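Working notes for the structure below.
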Amino acid sequence: MSLQGRTAVVTGANRGIGRATVERFLAEGAQVLAVDLDVQEIGHLPVHRLAVDLASADGPARVVAAARALGPVHILVNNAGIGAARSLADSDDALIDRVLGTNLRAVLRLTRDLLPLLAADASIVNFGSAFGESAYPTSTAYAVTKAGVSQLTPQLVA
């Protein structure tokens, strides 16, 4: 696989799956915009970095502005997410808003706002979770957001 001449936007790029994705894309020759709350841990990687809270009012717009400077986007990886191991009864509004904002609303907004920048042959990768497929009453808000992300993917190709 060669991604030479391709541009990728990867959210949640600092650790775990996101970081591994960034490293693989770089190894395959892609230009990468690495997006995370904190991008210091990937400081040694030759990427374009953007530290941003995707759930903030201007978060997706800041990603779009940074991506626009790089040219057409060939790959969008919606990986950013936060956990919330609480039952619905133990979840206050602040927790629900934070989890929905990061795990679902930001994915919807960023994907929508990047659509005009996507190349004709672009790919969008949305990371869901097994939590979105089965009952996990001790992580209700998280599970609901991951179910939403899983449903977004087929909606984009329908």
Side-chain angles (χ1 to χ4, degrees), residues 1-4 6-56 58-64 66-67 70 73-87 90-91 94-114 117-118 122-156:
M1 171 174 78
S2 174
L3 297 176
Q4 197 67 39
R6 303 288 184 158
T7 298
V9 175
V10 180
T11 69
N14 207 31
R15 297 184 315 262
I17 293 169
R19 181 174 177 145
T21 301
V22 167
E23 290 173 349
R24 178 62 187 256
F25 286 174
L26 288 172
E28 296 298 332
Q31 169 179 237
V32 178
L33 173 59
V35 179
D36 208 308
L37 283 170
D38 177 9
V39 290
Q40 291 182 11
E41 287 185 33
I42 57 171
H44 70 286
L45 296 175
V47 298
H48 301 272
R49 293 167 194 78
L50 180 63
V52 65
D53 180 354
L54 291 169
S56 67
D58 68 342
R62 290 181 56 203
V63 176
V64 170
L70 302 177
V73 174
H74 299 90
I75 306 166
L76 168 60
V77 178
N78 285 308
N79 173 64
I82 56 173
R86 297 228 179 109
S87 69
D90 294 330
S91 299
L95 175 75
I96 290 171
D97 289 345
R98 186 170 53 90
V99 174
L100 285 172
T102 301
N103 295 1
L104 185 57
R105 190 177 306 112
V107 173
L108 290 167
R109 291 175 62 215
L110 180 58
T111 302
R112 177 199 64 200
D113 295 351
L114 272 177
L117 297 181
L118 294 181
S123 297
I124 300 173
V125 179
N126 296 317
F127 278 91
S129 167
F131 278 70
E133 305 297 323
S134 299
Y136 290 92
T138 58
S139 296
T140 304
Y142 178 79
V144 168
T145 63
K146 291 305 181 176
V149 168
S150 293
Q151 186 52 226
L152 170 62
T153 303
Q155 297 300 319
L156 291 170

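Note that this is a predicted model, so its numbers are computed, not measured.
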Minimum heavy-atom distance [X]-[Y], with the two atoms named:
| X | Y | value |
| --- | --- | --- |
| G12 | A80 | N-CB, 3.6 Å |
| A8 | F25 | CB-CD1, 3.5 Å |
| P60 | D113 | CB-OD2, 3.9 Å |
| V52 | G59 | CG2-CA, 3.6 Å |
| R86 | S91 | CB-OG, 3.7 Å |

When V149, T153, L156, L118 are each screened for side chain to side chain contact (heavy atoms under 4.5 Å, CB included) with T111, the one that passes is L156
Could you list the donor-acceptor pairs under 3.5 angstrom formed between side-chain atoms of residues 32-47 and any protein atom two or more places apart in sequence or on another chain?
| from | atom 1 | to | atom 2 | distance (Å) |
| --- | --- | --- | --- | --- |
| D36 | OD2 | A13 | N | 3.1 |
| D36 | OD2 | N14 | N | 2.8 |
| D38 | OD1 | Q40 | N | 2.9 |

So, do [X] and [Y] sit near enough that their side-chain heavy atoms are less than 4.5 Å apart?
| X | Y | value |
| --- | --- | --- |
| Q31 | R6 | no |
| V107 | L152 | yes |
| N78 | V9 | no |

> For residues T11 and N79, is any side-chain donor paired with an opposing acceptor at under 3.5 Å?
Replying inline: no
If we ignore hydrogens and angles and just use 3.5 Å, is the side chain of [X] paired with the main-chain N or O of [Y] as donor and acceptor?
| X | Y | result |
| --- | --- | --- |
| S56 | D53 | yes |
| T102 | V99 | no |
| H74 | T7 | yes |
| R109 | L104 | no |

Is there a side-chain contact (heavy atoms from CB on, under 4.5 Å) between V22 and V77 once you walk through the steps?
CA-CA 10 Å; V22 167; V77 178; over 6 Å; no
Residue pairs passing the salt bridge (Lys or Arg N to Asp or Glu O under 4.0 Å) test with at least one member in residues 15-25, sequence neighbours excluded, are R19-E23, R24-E28
CG of L108 to CG of N103, rounded to nearest 0.5 Å, is 11.5 Å
In this structure, CG of L110 is separated from CG of L76 (nearest 0.5 Å) by 5.5 Å
